[in-house]
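Take a look at the structure set out below.
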Amino acid sequence: MTLATPRRHDLDALRVAAFLLLILYHLGMFYVPWGWHVKSDHLVPQLEPWMGAINPWRLTLLFVISGAATRFMAVRMPAPVLAAQRTQRLLIPLAFGILVVVAPQSWAEVVEKNGYAGSFLDFWPRYLGFDQSFGIILPTYNHLWFVAYLWLYTMLAIATRPLWERLDWLAARILKGPGLLLVPPALFGLYLATAGRTWGETHVVWADAYGHLQYGSAFLLGLLLARMDAAWGLFQRLRTGLALTAVVLLATGLALKDVETGGGPGAIGFAFLREGYAWTTICALFGYARRYIRSGSPILSTLTEAVFPFYIIHQTTIVVAGHLLKRLELSLTVEAVTILALTIGSCWATYAIARAVPMLRLPLGLKPLPRPSANQPAAVG
């Protein structure tokens, strides 16, 4: 017998908000001086502090939510069924994304960085043929690395389910009261001060020790927190204090920004400060969502379904649109607004296509249509 689990609309809303924020973040990547696939001619250094403020927590938040969602699904279905379902829902969009969706991003990148003069149709066979002469890994998953990591962590969680179910009692003692607010950032700070400083974050699934420590732990944390009602209650009660603390830690981090790149003990201390800010922000978001989002709505239901297709297509639109619009020499405002409008349009168009074409539902991130039952009469006309 499977147990019914109430729908966590608060986590649905946070997941949607985090992915929508990611769309704006990737648009920002086109304009900040940091390295990226393509860059605008209008660089905006003033965006760096804003993007730096969301960088420490945006992905950790998503992996914690993903871990909690996996726990809720594990309650409802046997392990083999869950493994098959998640493999279908994650690997099919990942494969389609690598072969089709991400390819135009790589074309735009080699045009800008390598001076490649061929069209996309000339480039695509070389992309699919593992041509490494451009100096980048081809084919690739670019922004879809999150899907690859999520599938890996989900399979590991299913395989080790008896182990993490036994960890519930330990987590309930460690992640209790102050421990809930102090242990995770201490762990994440240790990762950043050691593996993060040594290897950095690569998003290469087979060569990303720091990334797996950070995001794998966040996923495990979500698995454990999912069943800890006391933790969610604490987030809700302390939400205002947590938000104020996050603001103070952020201001301190911005004031000490030079310490991060200076090396030595100061950089190690900054790593713990950064992760303290990140975890406090995440806890505050959980608290406010828990307090104010208690029920669903038609808009939330639609966005919950649509956000995966949005995620699949958004970066390709930003990269390709940004690359092509550069030749028009538009002003910064017109260029940015145009790219954002095209991105929003492509997201909704992708969602609409996925709903309208059954064979594209899985590749574009939607659940397959349920099979008609044996007792259901066939449609007529």
Can you tell me how far the [atom1] atom of [X] sits from the [atom2] atom of [Y], to the nearest 0.5 Å?
{"X": "L366", "Y": "R361", "atom1": "CG", "atom2": "CZ", "answer": "5.0 Å"}
{"X": "L94", "Y": "L90", "atom1": "CG", "atom2": "CG", "answer": "8.5 Å"}
{"X": "I339", "Y": "S346", "atom1": "CD1", "atom2": "OG", "answer": "11.5 Å"}
{"X": "L250", "Y": "I54", "atom1": "CG", "atom2": "CD1", "answer": "11.5 Å"}
{"X": "L62", "Y": "L150", "atom1": "CG", "atom2": "CG", "answer": "9.5 Å"}
{"X": "W164", "Y": "L156", "atom1": "CH2", "atom2": "CG", "answer": "12.0 Å"}

Do [X] and [Y] have a side chain donor and acceptor closer than 3.5 Å?
{"X": "Y277", "Y": "W57", "answer": "yes"}
{"X": "E201", "Y": "H203", "answer": "yes"}
{"X": "E109", "Y": "W36", "answer": "no"}
{"X": "Y149", "Y": "D208", "answer": "yes"}

Pairs meeting criterion side-chain hydrogen bond (donor to acceptor under 3.5 Å, both in side chains) with involvement of [range], two or more places apart:
{"range": "residues 166-184", "result": "R71-D168"}
{"range": "residues 183-196", "result": "Y191-S217"}
{"range": "residues 78-88", "result": "T87-W151"}
{"range": "residues 117-126", "result": "S119-D122, R126-D131, R126-S133"}

If you take all heavy atoms of [X] and [Y], which pair is closest and at what distance?
{"X": "I158", "Y": "A79", "value": "CG2-CB, 3.7 Å"}
{"X": "A289", "Y": "D10", "value": "O-CB, 3.4 Å"}
{"X": "W34", "Y": "E48", "value": "NE1-OE1, 2.8 Å"}
{"X": "W279", "Y": "P185", "value": "CD1-CD, 3.4 Å"}
{"X": "L342", "Y": "L325", "value": "CD1-CD1, 4.5 Å"}
{"X": "C283", "Y": "L242", "value": "CB-CD1, 3.7 Å"}

Please examine the side chains of [Y] and [X], heavy atoms only from C-beta on, and report whether any two atoms are closer than 4.5 Å.
{"X": "F188", "Y": "L213", "value": "no"}
{"X": "V64", "Y": "L61", "value": "no"}
{"X": "L167", "Y": "L223", "value": "no"}
{"X": "S66", "Y": "F146", "value": "yes"}
{"X": "L362", "Y": "P93", "value": "no"}
{"X": "V44", "Y": "L47", "value": "yes"}
{"X": "L180", "Y": "F235", "value": "yes"}
{"X": "V38", "Y": "F30", "value": "yes"}

Worked verdict on E335 versus Y31 for side chain to side chain donor-acceptor pair (under 3.5 Å): CA-CA 11 Å; E335 180 185 78; Y31 290 102; 2.8 Å; yes

Okay, side chain of [X], backbone of [Y]: is any donor-acceptor separation there less than 3.5 Å?
{"X": "T350", "Y": "P309", "value": "no"}
{"X": "K113", "Y": "G135", "value": "no"}
{"X": "R291", "Y": "R237", "value": "no"}
{"X": "T160", "Y": "L163", "value": "no"}

Intermediate values then yes/no, side-chain contact (heavy atoms from CB on, under 4.5 Å), V205 and H212: CA-CA 8 Å; V205 69; H212 289 312; 4.1 Å; yes

Single-linkage hydrophobic cluster [X]~[Y], side-chain heavy atoms < 4.5 angstrom:
{"X": "F130", "Y": "Y127", "value": "no"}
{"X": "L249", "Y": "L182", "value": "no"}
{"X": "M155", "Y": "V81", "value": "yes"}
{"X": "F286", "Y": "Y288", "value": "no"}

Just wondering, more than 12 heavy atoms not from [X] lying within 6.0 Å of its [atom1]?
{"X": "Q132", "atom1": "CD", "value": "yes"}
{"X": "R355", "atom1": "CZ", "value": "no"}
{"X": "W50", "atom1": "CH2", "value": "no"}
{"X": "L369", "atom1": "CG", "value": "yes"}

Verdict with reasoning, Y116 to W107, per ring-ring contact (aromatic ring centres under 6.0 Å, His included): CA-CA 8 Å; Y116 179 70; W107 167 75; 8.0 Å; no

From CA spacing to verdict: side-chain contact (heavy atoms from CB on, under 4.5 Å), M29, H37: CA-CA 9 Å; M29 285 298 296; H37 309 290; over 6 Å; no

Audit row: T304, H9, side-chain contact (heavy atoms from CB on, under 4.5 Å) steps and yes/no: CA-CA 10 Å; T304 298; H9 299 290; over 6 Å; no

Pair W232-R8, side-chain contact (heavy atoms from CB on, under 4.5 Å): steps then yes or no: CA-CA 11 Å; W232 302 102; R8 288 291 301 271; 3.5 Å; yes

Would you list the atom pairs, donor with acceptor, under 3.5 Å between side chains in residues 18-26 and any protein atom, with sequence neighbours excluded?
from: Y25; atom 1: OH; to: N55; atom 2: OD1; distance (Å): 2.9
from: Y25; atom 1: OH; to: N55; atom 2: ND2; distance (Å): 2.9
from: H26; atom 1: ND1; to: H314; atom 2: NE2; distance (Å): 2.7
from: H26; atom 1: ND1; to: Q315; atom 2: OE1; distance (Å): 3.2
from: H26; atom 1: NE2; to: Q315; atom 2: OE1; distance (Å): 3.4

Plane angle bin for W145 and Y215 - parallel if under 30°, tilted between 30 and 60°, otherwise perpendicular: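 If you compare the ring of Y215 with that of W145, the planes turn out tilted.
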
Parallel, tilted or perpendicular: rings of Y311 and F308 (30°, 60°):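 Aromatic pair F308/Y311 classed parallel.
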
E305 bridged to K367 by N-O distance under 4.0 Å: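 No, E305 and K367 are not salt-bridged.
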
Sidechain N-carboxylate O distance under 4.0 Å for R7, D12: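 D12 and R7: salt-bridged.
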
Residues which pass salt bridge (Lys or Arg N to Asp or Glu O under 4.0 Å) with E112, listed by chain and number, not counting sequence neighbours: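 E112 satisfies salt bridge (Lys or Arg N to Asp or Glu O under 4.0 Å) with K326 only.
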
Matching residue for S106 among V319, T316, L138 - test: side chain to side chain contact (heavy atoms under 4.5 Å, CB included):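 With S106 as partner, V319, T316, L138 yield a single side chain to side chain contact (heavy atoms under 4.5 Å, CB included), made by L138.
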
